[in-house]
Chemist: 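Got a structure for you, questions after.
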Amino acid sequence: MKKSLHFYFSIFTFLFIQLTLIAQPARKAVNIRISPNHQDWTYQLGEPVVFEVDVYQFDTPIQEGEISYSFGLENMLPSEKGTKKIHGGGAKIKAPGLTQPGFLRCHVEITVDGKTYKEYATAGFLPEYIKPTTTLPGDFLNFWEDGKEKLAEIPVNPILTLMPDRCTSKANVYHVSIDNINGKIYGILCTPKKSGKYPAILHVPGAGIRPYYGDVSNAEKGIITFQIGIHGIQVNLNRVVYENLGAGALSGYSKFNLDDKDNCYYKRVYLGCVRSVDFIFGLDEFDGENIAVTGGSQGGALSIVTAGLDHRIKYLAADYPALCDLTGYLHGRTGGWPHLFKDGFTNKPEKVETSKYFDVVNFARFVEATGHYSWGFDDNVCPPTSMYAAYNLIKAPKELFIYQDTQHWTYPEQRNQKNDWLLEKLLPNN
């Protein structure tokens, strides 16, 4: 009984932390609301944008005060700064329109009772025409085909360990180990208990090092789910293990071996996603055809990468994908997470060249899976310019759902929409 209570306390703590990370930020005593004056926050090239600012204290408009503002391209130095008086709770900031496709971000701050409050909003200018700054290496396809051929020489060697405390009346839950190049992939497999053939979802992770608990809910609905970690360590250990690794040996892993494409950290990660697809296809319960991949941030990137590398993927659902158009900062605009090429450590020709083999942009070119994509204009971790640079290259059937004011988080409605989309594709008759 003690073990069971400890497990449920652990999973509650994990879910609380995860929901905190993706949930809307907590409100403060003073709130600044900024809205571009077009309902969809998009503009034609050269068209001025008016950022309408309202400031509230305890939900009551602040009648008099002064705001400081600046605007410019996302994550870049501002092109203009200034101050404005607010009257009746509001002010308007007029900014000239961009002359090239991209995003203009307006930052506003105000000091009330000695404390400074900040907010920003972002206007888009023909984002559907944003082009990437990175380029496709001539041997890109050969590089990854060679990697997949070497992976295929390694047996999957799956080891499934039933986790009774996590099983439900409708689903079995297993801790899984499979062999990958240079190590293993670990994950949590959830399968329907009722015998039959089922579709599958591969869940790929956001950045960081953490335990996983699996997608039991969709398994209970009749979908095989496999949630993986990417770091070659078991995913059911004490949280302290992951915290120590994140602060120590795996700190900054996204930049490991960036000057060597054969040993870059993400090579084994990307191939590990393909290996996870191999594992799913080897399950007796899998229907052999209907498989989706999904994730957010780094997981959004891995979703696109997996679909680009492995055309067995039929559907993909990516939220605010990272690792897009990494060379943006070398061309006077933002790049995607992890924001490389901003300093002397990464601004080296060999690292720039290596990045092209792992940039989501270059996998987006080869995606064939039907896709669901979603993000916000205000994302400051995965800036919209970087994400559109990849999305605009995808030729497969796709839908983009924009929640303009979201930063690096999602609304509950946004998450429900994605899950409903996946269920509609994988369980069309339900």
Side-chain angles (χ1 to χ4, degrees), residues 11 15 155-180 184-205 212-230 235-236 272-296 299-300 302-307 309-319 367-372 396-397 399 415-430:
I11 194 170
L15 291 174
V156 177
N157 190 28
I159 300 175
L160 281 65
T161 304
L162 186 68
M163 308 178 80
D165 286 347
R166 301 195 189 184
C167 296
T168 71
S169 61
K170 295 182 178 180
N172 284 323
V173 181
Y174 304 86
H175 184 269
V176 174
S177 163
I178 54 178
D179 287 353
N180 187 27
K184 294 182 180 292
I185 286 287
Y186 293 93
I188 302 296
L189 173 70
C190 303
T191 62
K193 279 191 171 179
K194 184 179 179 181
S195 62
K197 296 290 186 179
Y198 298 99
I201 298 176
L202 172 63
H203 290 273
V204 285
Y212 294 98
Y213 295 89
D215 178 7
V216 178
S217 176
N218 278 322
E220 292 181 329
K221 294 182 177 72
I223 298 174
I224 298 165
T225 65
F226 187 40
Q227 183 179 37
I228 65 168
I230 60 170
V235 295
N236 62 341
C273 293
V274 174
R275 175 44 44 105
S276 299
V277 178
D278 293 336
F279 166 69
I280 291 173
F281 267 78
L283 293 172
D284 291 337
E285 305 95 326
F286 180 51
D287 69 13
E289 179 182 2
N290 296 295
I291 181 171
V293 60
T294 187
L302 295 177
S303 296
I304 297 172
V305 168
T306 305
L309 281 175
D310 195 329
H311 293 158
R312 290 176 295 179
I313 296 294
K314 195 169 183 179
Y315 307 106
L316 79 92
D319 292 330
V367 167
E368 295 182 1
T370 299
H372 176 292
E399 297 177 273
R415 298 191 293 276
N416 292 338
Q417 181 190 53
K418 181 181 80 167
N419 199 57
D420 288 346
W421 185 89
L422 286 168
L423 291 175
E424 178 185 333
K425 297 299 183 183
L426 295 173
L427 299 173
N429 297 321
N430 285 16

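Computed from a predicted structure; not experimentally measured.
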Chemist: I'd like to know whether V277 forms a side-chain contact (heavy atoms from CB on, under 4.5 Å) with V293, so could you lay out the CA-CA distance, the side-chain angles of the two residues, the decisive distance to 0.1 Å, and finally the verdict.
Modeler: CA-CA 9 Å; V277 178; V293 60; over 6 Å; no

Chemist: Can you tell me how far the CG atom of L189 sits from the CE atom of M163, to the nearest 0.5 Å?
Modeler: 11.0 Å

Chemist: Is there a side-chain contact between I223 and L427 (heavy atoms, below 4.5 Å)?
Modeler: yes

Chemist: Sequence neighbours excluded, which residues qualify as salt bridge (charged side-chain N to carboxylate O under 4.0 Å, His left out) partners of K418?
Modeler: D319

Chemist: Only pairs under 3.5 Å count here: list side-chain donor-acceptor contacts from residues 278-287, not counting sequence neighbours, and write none if there are none.
Modeler:
from	atom 1	to	atom 2	distance (Å)
D278	OD1	R312	NH1	3.2
D278	OD1	R312	NH2	2.5
D278	OD2	R275	NE	3.1
D287	OD1	E289	N	2.9
D287	OD1	N290	N	2.9
D287	OD2	N290	ND2	3.0

Chemist: Measure across I228 and C273 and return the closest heavy-atom pair with its distance rounded to 0.1 Å.
Modeler: CD1-SG, 4.3 Å

Chemist: Quick one: list whatever passes ring pair (Phe, Tyr, Trp, His ring centres under 6.0 Å) with Y186, sequence neighbours left out.
Modeler: H175

Chemist: Would you name the heavy atoms of P155 and D179 that are closest together and state the gap between them?
Modeler: O-CB, 3.4 Å

Chemist: Return yes if some donor-acceptor pair links the side-chain N/O of T370 with the main-chain N/O of P397 below 3.5 Å, else return no.
Modeler: no

Chemist: Between S276 and I185, which heavy-atom pair has the shortest distance, and what is it?
Modeler: OG-CG2, 3.8 Å

Chemist: For L160 and P158, work out which heavy atoms get closest and say how close.
Modeler: CD1-CB, 3.9 Å

Chemist: Please identify which of these residues, N180, D310, V305, meets the side chain to side chain contact (heavy atoms under 4.5 Å, CB included) condition with V274.
Modeler: D310

Chemist: Mind listing the closest non-hydrogen atom pair of I201 and L422 along with its distance?
Modeler: CD1-CD1, 4.3 Å

Chemist: The criterion is salt bridge (charged side-chain N to carboxylate O under 4.0 Å, His left out); which residues satisfy it with E399, sequence neighbours excluded?
Modeler: none

Chemist: Between V235 and Q227, is there a side-chain heavy-atom distance shorter than 4.5 Å?
Modeler: no

Chemist: Is there a side-chain contact between D165 and V173 in this structure, where contact means two heavy atoms from C-beta onward sitting under 4.5 Å apart?
Modeler: no

Chemist: How close do A317 and T294 get, heavy atom to heavy atom, and via which atoms?
Modeler: O-OG1, 2.8 Å

Chemist: Between NZ of K425 and NZ of K314, what distance do you get to the nearest 0.5 Å?
Modeler: 10.0 Å

Chemist: Sub-3.5 Å donor-acceptor pair from the side chain of S303 to the main-chain atoms of G295, do we have one?
Modeler: yes

Chemist: Mind checking the CG-CD1 spacing from N218 to I224? Nearest 0.5 Å is all I need.
Modeler: 12.0 Å

Chemist: Can you pull out every side chain to side chain donor-acceptor pair (under 3.5 Å) where at least one residue sits in residues 192-203? Sequence neighbours excluded, please.
Modeler: H203-D215

Chemist: Is any side-chain heavy atom of I230 less than 4.5 Å from a side-chain heavy atom of L302?
Modeler: yes

Chemist: Report yes if the side chains of C190 and N172 come closer than 4.5 Å at any heavy-atom pair, otherwise no.
Modeler: no

Chemist: When rounded to the nearest 0.5 angstrom, what distance separates CG in N236 from OH in Y212?
Modeler: 13.0 Å

Chemist: Would you please name every residue forming a ring pair (Phe, Tyr, Trp, His ring centres under 6.0 Å) with Y174, sequence neighbours left out?
Modeler: none

